[in-house]
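For reference, the structure discussed in these notes is given below.
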Amino acid sequence: MSIKITEECINCGACEEECPNQAIYEGGKKWNMSEGTYLKKNFYFDQKPIKEDIYFIVSEKCTECIGFYDEPQCMIVCPVHCCVTDQMETKEKLFEKKIFLHGN
Ligand code: SF4
Ligand code: SF4
C-alpha cells in the first residue's frame, strides 16, 4: 500500500520532515521525483501540486517507509490520524520502488 492524506489534515507539517522519500508536500507546492531521492533532477520536471489547501503525498514516491523504518512514519506522527492507507501495493512492489528511488 501507499499512504494518502485525508481532508482532516490540519496543515501542521509534522509529517513532511519525517518522510525518508520526501514524498510529502505542503498544499500548493510543486513536487519533483528527484527531491529527497537519488534520481537526477535534470531528468524530472516539477509537477503541479496534487492538493492546494492541505498536505499531500506523492504515491509514486511513497514506499510506506520500506527500507528505512518498520512503520509508516507519517502515520505515527500525524496528530489527527489523517494519514491512511490508500492503494494496494505488495511489499515487493514497494521495495522495488525504494530501489528505483534510492538505489541499493
Ligand atoms: Fe513518506 Fe513513509 Fe509516509 Fe510514505 S509512509 S509518505 S514514505 S513517511
Ligand atoms: Fe496534515 Fe497530519 Fe501531516 Fe499534520 S501530520 S500536515 S495533520 S497529514
Side-chain angles (χ1 to χ4, degrees):
M1 294 166 279
S2 61
I3 309 297
K4 71 174 179 182
I5 294 172
T6 68
E7 297 297 319
E8 280 72 45
C9 173
I10 57 170
N11 289 318
C12 72
C15 56
E16 185 180 12
E17 58 196 63
E18 300 298 330
C19 179
N21 298 320
Q22 209 170 321
I24 304 175
Y25 289 82
E26 189 177 356
K29 290 222 170 135
K30 290 183 176 171
W31 62 273
N32 194 301
M33 288 296 288
S34 68
E35 288 166 342
T37 72
Y38 288 2
L39 300 173
K40 297 263 188 293
K41 177 121 183 148
N42 46 340
F43 288 125
Y44 294 91
F45 299 104
D46 284 346
Q47 305 290 323
K48 285 182 185 165
I50 295 171
K51 297 272 178 155
E52 289 293 338
D53 50 352
I54 57 170
Y55 277 72
F56 61 87
I57 291 173
V58 177
S59 62
E60 293 95 324
K61 298 178 80 176
C62 175
T63 60
E64 230 185 287
C65 289
I66 274 181
F68 295 96
Y69 304 106
D70 292 338
E71 294 178 74
Q73 297 299 290
C74 53
M75 291 179 95
I76 292 173
V77 300
C78 180
V80 294
H81 309 293
C82 67
C83 296
V84 299
T85 53
D86 188 15
Q87 48 187 312
M88 293 299 293
E89 289 179 273
T90 63
K91 296 275 183 209
E92 289 73 24
K93 284 283 174 203
L94 290 166
F95 195 70
E96 280 174 21
K97 203 191 292 187
K98 190 262 179 187
I99 299 294
F100 170 69
L101 293 171
H102 297 283
N104 291 319

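We count ligands from 1, going down the list as the structure has it; atoms in each ligand are counted the same way.
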*Between I24 and C74, is a side chain to side chain contact (heavy atoms under 4.5 Å, CB included) present by the stated rule, with each step listed?*
CA-CA 9 Å; I24 304 175; C74 53; 3.8 Å; yes
_Sub-2.8 Å protein N, O or S atoms surrounding atom 2 (Fe) of ligand 1_ = C65 SG
*For C83, take its heavy atoms, then give the atoms of ligand 2 lying under 4.0 Å from any of them.*
8 (S)
*Is it the side chain (CB and beyond), the backbone, both or neither of V80 that lies under 4.0 Å from ligand 2, heavy atoms counted?*
side chain
_As an exercise, state the distance from OG1 of T37 to CG of N32, rounded to the nearest 0.5 Å._
8.0 Å
*Assess the side chains of Y25 and E35: does a donor N or O sit below 3.5 Å from an acceptor N or O?*
yes
_Tell me the protein heavy atom at minimum distance from atom 8 (S) of ligand 2, and give that distance in Å._
C82 SG, 3.5 Å
*Would you say I57 and S59 make side-chain contact, with heavy atoms under 4.5 Å?*
no
*asked:* Just verifying a value: how many Å separate S2 OG and I66 CD1, rounded to the nearest 0.5 Å?
replied: 11.0 Å
*Atom indices of ligand 2, in the order listed, that fall short of 4.0 Å to a heavy atom of I5*: 8 (S)
_Assess the residue pair M33 and N21 against the criterion (side chain to side chain contact (heavy atoms under 4.5 Å, CB included)); give the C-alpha distance rounded to whole Å, side-chain angles, the decisive distance to 0.1 Å, and a yes or no._
CA-CA 9 Å; M33 288 296 288; N21 298 320; over 6 Å; no
*Looking at side-chain heavy atoms only, is the closest gap between K91 and E64 below 4.5 Å?*
yes
*Of the protein's non-hydrogen atoms, which lies at the shortest distance from atom 3 (Fe) of ligand 2, and what is that distance?*
C15 SG, 2.3 Å
*asked:* Tell me every residue that passes side chain to side chain donor-acceptor pair (under 3.5 Å) with Q22, counting only those two or more places apart in sequence or in another chain.
replied: none
_For atom 6 (S) of ligand 2, the protein heavy atom that lies nearest, with its residue and separation_ = G13 N, 3.2 Å
*Please could you name the atoms of ligand 1 that I24 approaches to less than 4.0 Å, counting only its heavy atoms?*
6 (S)
*Non-hydrogen atoms of V77 versus ligand 2: any pair closer than 4.0 Å?*
no
*side chain to side chain contact (heavy atoms under 4.5 Å, CB included) assessment of C78 paired with C15*: CA-CA 6 Å; C78 180; C15 56; 5.6 Å; no
_Starting from atom 2 (Fe) of ligand 2, what is the nearest protein heavy atom, named by residue and atom, and what distance separates them?_
C78 SG, 2.4 Å
*Roughly how far, to the nearest 0.5 Å, is the CG atom of L94 from the CD1 atom of I99?*
12.0 Å
*Where on I10 is there a heavy atom closer than 4.0 Å to ligand 2, on the side chain, on the backbone, on both, or on neither?*
both
_With a 4.5 Å cut-off on side-chain heavy atoms, are E26 and N11 touching?_
no
_Atom pair SG (C62) and CD (E89), whose distance is rounded to the nearest 0.5 Å_ = 7.5 Å
*Give the residue and atom name of whichever protein heavy atom lies nearest to atom 4 (Fe) of ligand 2, and the separation in Å to one decimal.*
C12 SG, 2.3 Å
_Per-atom contacts of ligand 2 with P79, taking only distances under 4.0 Å to non-hydrogen atoms_ = 5 (S)
*Confirm or rule out an N/O/S atom of C9, from backbone or side chain, lying less than 2.8 Å from atom 3 (Fe) of ligand 2.*
no
